[in-house]
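Have a look at the structure below, then the notes.
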Amino acid sequence: MNSVLQALLHAPPLRNYFLGDRHNRFLCPRRKPMTHRATDAEARAACLACDLDEIYSATFSGERTPYSPAKFLYSWWQHATNLASYEQQDAHEFFISILDHIHENIKDDQPKSHEQGHGDCCIAHRVFSGILRSDVICTNCGFSSTTFEPCMDFSLDLDAGCNISNGVANPKARNGERNLAGMNSKVSTLMRCLERFTRAERLDAEQKFFCERCKERQESLKQMSIRRLPLVSCFHIKRFEHSSVKKMSRKVDHSLQFPFSLDMAPYLSSSILRSRYGNRIFPSEAIDSEPVSELSSEFEIFAVIMHSGKLDAGHYVTYLRLNNQWYRCDDAWVTRVDEHTVRTSQAYMLFYVQKTLYYKACERAAEV
């Protein structure tokens, strides 16, 4: 909980929303003091956004003593009863649960258009919600069936990577990636994870889809791409594997190289479609009517959540980037660290914000 809250507290658009008094806990109609919640129903109706607003106020009050989010934990337990225990839980699961309940608490009353997953109903969706495009392509005639779905983060498989020894890695490091020196282990890169996420894959024979043009079931390819990027992109690295066939679970300890400046343009639907069709005229069903500007495809990293330990026991720590200086947030202890410490950590969740918002946040912090 502490590691995820640190990332949320320092996400520029979310921070600006709460510190800008856009959700005032004293005026919220759902607000009711904890001691006055007489029934279980009233306890479940507690506004998680109000409790989050209180944490923002305490965090940015100037006080240097540690803040204990015990009240927030209790409120969250009322919403997520399946996770209300003292057992260890997953940080990513907690992150998704928090966004879901913020959405439930402060979504706008007026109806919104949710066609093709437009997430503008609440601050959680306005900040973290993007749109994925899924194309199923007939290998016989080339006809494609397209669907869109909203997403709050990008869950990426950690590929096998390559062996690095004596500090020598792939010299063609892209997108600002750097080699990890002095290591002798398998190393993956965020770029390869994203390429794998957007790579066309052949569906199994039993997954043949009905082609509207061929009028029969055909073998097909499926390809994912990103139609619309969120203001804050969260990448969840799948480090925990569960196999029902092998009847085993394990944690993948591969190192992950990730850039501090990230260009998401190669993974956008517009780029994928250009790569697929080249200079040919796009089929009418393939046209994407919502292009993304180059400016909005550039991101800067501001938080990394890492996991140390094993599958059934471990610890989460957050690295925060503030004014290009990195800090390690380990519960109540905050220490300054160098870039190498961050780059060589076992990243589990990566948070990037659109570059213009990142630099605006840095400018405001410098003025303060």
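Residue indices begin at 1 and follow the sequence shown. Values below: all heavy atoms of this structure, side chains included; hydrogens, waters and symmetry mates excluded.
The nearest pair of heavy atoms linking L229 to S296 is CD1-O, 3.7 Å. Nearest approach of I272 to P266, heavy atoms of both residues: CD1-O, 3.7 Å. Of all heavy-atom pairs between M349 and A91, the closest is SD-C, 4.1 Å. The two residues R213 and G142 have their closest heavy-atom pair at NH1-C, 4.5 Å. Residues P230 and S129 share a closest heavy-atom pair of CB-O, 3.4 Å. Of all heavy-atom pairs between C141 and C138, the closest is N-SG, 3.5 Å.
In this structure, H236 has its ring center under 6.0 Å from that of Y348. The six-membered or imidazole ring of F128 lies near that of F95, with a centre-to-centre distance under 6.0 Å. For H307 and H315, the distance between ring centers is not under 6.0 angstrom. Here the two rings, on Y327 and W333, have centers that are 6.0 Å apart or farther.
In the model, S97 has a side-chain atom that pairs as donor or acceptor with a side-chain atom of W76 under 3.5 Å. Side-chain N/O atoms of H79 and D100 include no donor and acceptor closer than 3.5 Å.
The closest side-chain heavy-atom distance from Q354 to P13 is not below 4.5 Å. Between S134 and T147 the shortest side-chain heavy-atom distance falls below 4.5 Å. Looking at M1 and P69, their side chains come closer than 4.5 Å, going by heavy atoms from C-beta outward. Contact of the R202 side chain with the L221 side chain is registered, since non-hydrogen atoms from C-beta on lie closer than 4.5 Å. Residues P12 and Y358 fail the side-chain proximity criterion, which asks for heavy atoms closer than 4.5 Å. Contact annotation: the side chain of S145 approaches that of F209 to within less than 4.5 Å [non-hydrogen atoms, C-beta and beyond]. No side-chain heavy atom of Q346 sits under 4.5 Å from any side-chain heavy atom of S308. The side-chain heavy atoms of L132 and F154, taken from C-beta on, include a pair separated by under 4.5 Å.
Between the side chain of H103 and the backbone N or O of L99 there is no donor-acceptor pair closer than 3.5 Å. A donor-acceptor pair is defined here as one N or O able to donate and one able to accept, closer than 3.5 Å; such a pair exists between the side chain of S345 and the backbone of V342. R239 contributes a side-chain N or O that, together with a main-chain N or O of H254, makes up a donor-acceptor pair within less than 3.5 Å. Side-chain atoms of T344 come within 3.5 Å of backbone N or O of H340 as a donor-acceptor pair. D263 contributes a side-chain N or O that, together with a main-chain N or O of A265, makes up a donor-acceptor pair within less than 3.5 Å. Looking only at distances, a side-chain donor or acceptor of S61 sits under 3.5 Å from a matching main-chain atom of A58. No side-chain donor-acceptor contact under 3.5 Å links S75 to the backbone of L48. In terms of modelled atom types and a separation under 3.5 Å, the side chain of T318 and the main chain of S3 share a donor-acceptor contact. Within the 3.5 Å criterion, the main-chain N or O of S271 finds no donor-acceptor partner in the side chain of S275. Side chain of D53 to main chain of A49: no donor-acceptor pair is present (N/O by atom type, distance under 3.5 Å, no hydrogens or angles).
Note: the hydrophobic cluster containing F60 also contains Y17 (ILVMFWY, side chain heavy atoms under 4.5 Å, direct or indirect links). With hydrophobic clusters built from ILVMFWY side chains whose heavy atoms lie under 4.5 angstrom apart, L5 shares a cluster with L73. Under the 4.5 Å side-chain heavy-atom criterion for Ile, Leu, Val, Met, Phe, Trp and Tyr, L52 and L320 are members of distinct hydrophobic clusters. When hydrophobic clusters are built by joining Ile, Leu, Val, Met, Phe, Trp and Tyr residues whose side-chain heavy atoms come closer than 4.5 Å, directly or via intermediates, I123 is grouped together with L19. Linking Ile, Leu, Val, Met, Phe, Trp and Tyr whenever their side-chain heavy atoms come within less than 4.5 Å leaves L322 and L8 in two separate clusters.
The ring-ring contact (aromatic ring centres under 6.0 Å, His included) test with Y56 singles out one residue from Y67, F72, F18, and that residue is F18.
Legend: residues meeting salt bridge (charged side-chain N to carboxylate O under 4.0 Å, His left out) with K222, ordered by chain and number and at least two apart, are absent.
More than 12 heavy-atom neighbours from other residues, nucleotides or ligands sit within 6.0 angstrom of CD on Q325.
To the nearest 0.5 Å, the span separating SG on C151 from CZ on R227 amounts to 12.5 Å. Note that OG of S297 is 9.0 Å distant from NZ of K355, once rounded to the nearest 0.5 Å. For the atom pair T59 OG1 and R15 CZ, the distance stands at 11.5 Å (nearest 0.5 Å). The line from CD1 of I98 to CD of E93 is 11.5 Å long, rounded to the nearest 0.5 Å. Rounded to the nearest 0.5 angstrom, L256 CG and M306 CE are separated by 12.0 Å. Rounding to the nearest 0.5 Å places CD of Q223 at 10.5 Å from OG of S144.
Identified under the salt bridge (Lys or Arg N to Asp or Glu O under 4.0 Å) test for residues 314-324, with sequence neighbours left out: E300-R321.
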Handout entry: Verdict with supporting geometry, V334 and R328, side-chain contact (heavy atoms from CB on, under 4.5 Å)
Key = CA-CA 6 Å; V334 179; R328 174 187 169 99; over 6 Å; no

Practice task
Assess whether side-chain contact (heavy atoms from CB on, under 4.5 Å) is satisfied between W326 and R336, documenting all intermediate values.
Solution key: CA-CA 6 Å; W326 284 97; R336 185 177 293 187; over 6 Å; no

Exercise for the section: Go through E216 and Q218 one step at a time and tell me if the side-chain contact (heavy atoms from CB on, under 4.5 Å) criterion holds. Expected result: CA-CA 6 Å; E216 62 178 325; Q218 298 283 7; 3.4 Å; yes

Exercise for the section: Report the C-alpha distance between L156 and R196 in whole Å, list the side-chain angles of each, state the deciding distance to 0.1 Å, and finish with yes or no for side-chain contact (heavy atoms from CB on, under 4.5 Å). Expected result: CA-CA 8 Å; L156 305 177; R196 180 175 179 178; over 6 Å; no

Practice task
With side chain to side chain donor-acceptor pair (under 3.5 Å) as the test, would you mind laying out the steps for D90 and Y316 before giving the verdict?
Solution key: CA-CA 9 Å; D90 180 67; Y316 291 101; 3.3 Å; yes

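A salt bridge links D135 and R276; the closest N-O separation between the charged side-chain nitrogens and carboxylate oxygens is under 4.0 Å.
Classified by interplanar angle (parallel below 30°, tilted 30° to 60°, perpendicular above 60°), the ring pair F260/F258 is tilted. Ring orientation note: the planes of Y352 and F235 are nearly perpendicular, at an angle over 60° on the 30°/60° scale.
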